[in-house]
Amino acid sequence: MINRKLEQLKTLFAEMEQALIAYSGGVDSTLVAKIAYDVLGDRALAVTAISPSLLPEELEDARIQAAQIGIAHKVVQTNEMDNPNYTSNPVNRCYFCKSELHDTLKPLAVQFGYPYVVDGVNADDLKDYRPGIQAAKERGARSPLAELGITKAEVRQLSQQLDLPWWDKPAQPCLSSRFPYGEEITVAKLQRVGRAEIYLRKLGLKNLRVRSEGDTARIELSPEQIKEFVLTTDLATLVSAFQEFGFIYVTLDLEGYRSGKLNQVLPQIVKV
């Protein structure tokens, strides 16, 4: 089944003939970029959008991965932080983010003669509350993984099968996802969250989030990491570091990390 989906993915790109990939450097869009390059060669272009909501380390990863794949890679700037519909952080914030992204990528595709803009949305993403998917669709973007029913687990399986060393890379959505809906997003807030997460990763921790609410940082770790973290981390030093980043209070979420946790406050009708 997985090999059949891989062949279908290759066929899909062969039919496109040329494609511009919305490339974040995450596992999903990197697999799309890999297959696109394998099929199309120099008729595929990976484009990474940078803004304050993207960690500099993520951009560096994207560059390294693109170079290893061999695909041409371009970096562009997006300006969602100039849009109050985005910075006010409504429940459909992601819609305005993806609108800005694809309003930037589509003219670029036209300029360079690419008939398709494709992204890394997978089949599992369609089951979650992702208003950005609608924004991409409205602008004509295609999602090959979702079109072929390829799930997140299958993305990782295919990436491992293709010997991509980042097949098990943790998901890293934009930093704006760390804030509860309704709390204004600013560049300063994004920077302090980013610095806090980098600090934790340097301690060897993975699959983590630093949720930010007002002056409070709430650390989410995978459940199996929590006990060791409490027993082995110099908590006083950590709190001092977080306070230097701009937080006043530092807490630990005892439930542990769970993707999309902030969406649990949404009414059920919005999630569907």
Legend entry - Pair D125 + R130: basic N to acidic O under 4.0 Å: yes
Inset, instruction - State whether the number of non-hydrogen atoms from other residues, nucleotides or ligands found under 6.0 Å of Q243 atom CD is greater than 12. - result: yes
Legend entry - CG-CG distance between L221 and L252, expressed to the nearest 0.5 angstrom: 6.0 Å
Inset, instruction - Could you check if a side-chain atom of F13 sits within less than 4.5 angstrom of a side-chain atom of D38, using non-hydrogen atoms only? - result: no
Inset, instruction - Using a 4.5 Å cut-off on heavy atoms from C-beta on, say whether the side chain of Q172 contacts that of E197. - result: yes
Legend entry - Gap between atom CD of Q157 and atom NZ of K152 - 0.5 Å precision: 14.0 Å
Inset, instruction - Starting from the C-alpha separation in whole Å, work towards a yes-or-no answer on side chain to side chain contact (heavy atoms under 4.5 Å, CB included) for S159 and W166. - result: CA-CA 8 Å; S159 298; W166 46 82; 5.5 Å; no
Inset, instruction - Any chance you could measure K206, atom NZ, to K169, atom NZ, to the nearest 0.5 Å? - result: 12.0 Å
Legend entry - Y23 side chain reached by V47 side chain, heavy atoms, under 4.5 Å: no
Inset, instruction - Indicate yes or no: does R209 engage D253 in a salt bridge with an N to O separation below 4.0 Å. - result: no
Legend entry - Exercise: identify the closest heavy-atom pair between P223 and E255: CG-O, 3.9 Å
Inset, instruction - May I ask you to check whether N122 and E154 show a side-chain donor-acceptor distance below 3.5 Å? - result: no
Legend entry - Electrostatic pair E183-K189, nearest N-O below 4.0 angstrom: yes
Inset, instruction - Let me see the working for L105 and L101 under side chain to side chain contact (heavy atoms under 4.5 Å, CB included), right down to the final yes or no. - result: CA-CA 6 Å; L105 296 184; L101 172 64; 3.8 Å; yes
Legend entry - Minimum heavy-atom distance I71-A44, with the two atoms named: CG1-O, 3.8 Å
Inset, instruction - Return the set of residues passing side chain to side chain donor-acceptor pair (under 3.5 Å) with Y37 (not counting sequence neighbours), or none when no residue passes. - result: none
Legend entry - Short N-O contact, R178 and E220, less than 4.0 angstrom: no
Inset, instruction - Any chance you could lay out the side chain to side chain contact (heavy atoms under 4.5 Å, CB included) test for L145 and L9, step after step, and finish with the verdict? - result: CA-CA 8 Å; L145 301 176; L9 197 54; 4.1 Å; yes
Inset, instruction - Indicate, with yes or no, if L54 and I198 share a hydrophobic cluster defined by side-chain heavy-atom contacts under 4.5 Å among Ile, Leu, Val, Met, Phe, Trp and Tyr. - result: no
Legend entry - Validation row: P56, E60 side chains within 4.5 angstrom (heavy atoms): no
Inset, instruction - Look up atom CG in L158 and atom CG in L164, then write down how far apart they are to the nearest 0.5 Å. - result: 9.5 Å
Inset, instruction - With the side chain counted from C-beta on, respond yes when R93 and I185 share a heavy-atom pair under 4.5 Å apart, and no when they do not. - result: yes
Inset, instruction - Please report the closest heavy-atom contact between I219 and F229, naming both atoms and the distance. - result: CD1-CZ, 4.4 Å
Inset, instruction - Write down the atom of G149, the atom of K5, and the distance for their closest heavy-atom approach. - result: O-NZ, 2.9 Å
Inset, instruction - May I ask you to test the T30-K34 pair for a side-chain heavy-atom distance under 4.5 Å? - result: no
Inset, instruction - Report yes or no: do S176 and S53 form a side-chain donor-acceptor pair below 3.5 Å? - result: no
Inset, instruction - Enter the distance from L45:CG to H73:NE2 here, rounded to the nearest 0.5 Å. - result: 8.5 Å
Legend entry - Separation of S143 OG from L148 CG (nearest 0.5 Å): 10.5 Å
Legend entry - Co-membership, hydrophobic cluster, residues L40 and L20, 4.5 Å side-chain: no
Legend entry - Shared hydrophobic cluster for L108 and Y114 (ILVMFWY, side-chain gaps under 4.5 Å): yes
Inset, instruction - Could you pull out the closest heavy-atom pair between V39 and A14, with the gap in Å? - result: CG1-N, 3.6 Å
Legend entry - Pairing of D168 and R156 as salt bridge, 4.0 angstrom limit: no
Legend entry - Between E138 and Y95, a side-chain donor and acceptor under 3.5 Å: yes
Inset, instruction - Could you verify whether a donor N or O on one side chain and an acceptor N or O on the other, from T216 and E213, lie under 3.5 Å apart? - result: no
Legend entry - Partner set under side chain to side chain donor-acceptor pair (under 3.5 Å) for Q18, not counting sequence neighbours: none
Legend entry - V32/D119 under side chain to side chain contact (heavy atoms under 4.5 Å, CB included): CA gap, chis, key distance, verdict: CA-CA 8 Å; V32 170; D119 61 25; over 6 Å; no
Legend entry - N89 side chain near E184 side chain, heavy-atom distance below 4.5 Å: no
Inset, instruction - Answer yes when E7 and R4 have at least one side-chain N-carboxylate O distance shorter than 4.0 Å, and no when they do not. - result: no
Inset, instruction - Find out if a path of hydrophobic residues (ILVMFWY) with successive side-chain heavy-atom gaps under 4.5 Å connects F247 to L200. - result: yes
Legend entry - L162 and L31, any side-chain heavy atoms less than 4.5 Å apart: yes
Inset, instruction - Identify whether L203 and L55 are in the same connected component of the hydrophobic contact network (ILVMFWY, side-chain heavy atoms under 4.5 Å). - result: yes
Inset, instruction - Could I get the full list of ring-ring contact (aromatic ring centres under 6.0 Å, His included) partners for F245, not counting sequence neighbours? - result: F242
Inset, instruction - Taking S29 for its side chain and S24 for its backbone only, find out whether a donor-acceptor pair lies under 3.5 Å. - result: yes
Inset, instruction - State, to 0.1 Å, how close P90 and F96 come at their nearest heavy-atom pair, and which atoms those are. - result: CG-CE1, 4.2 Å
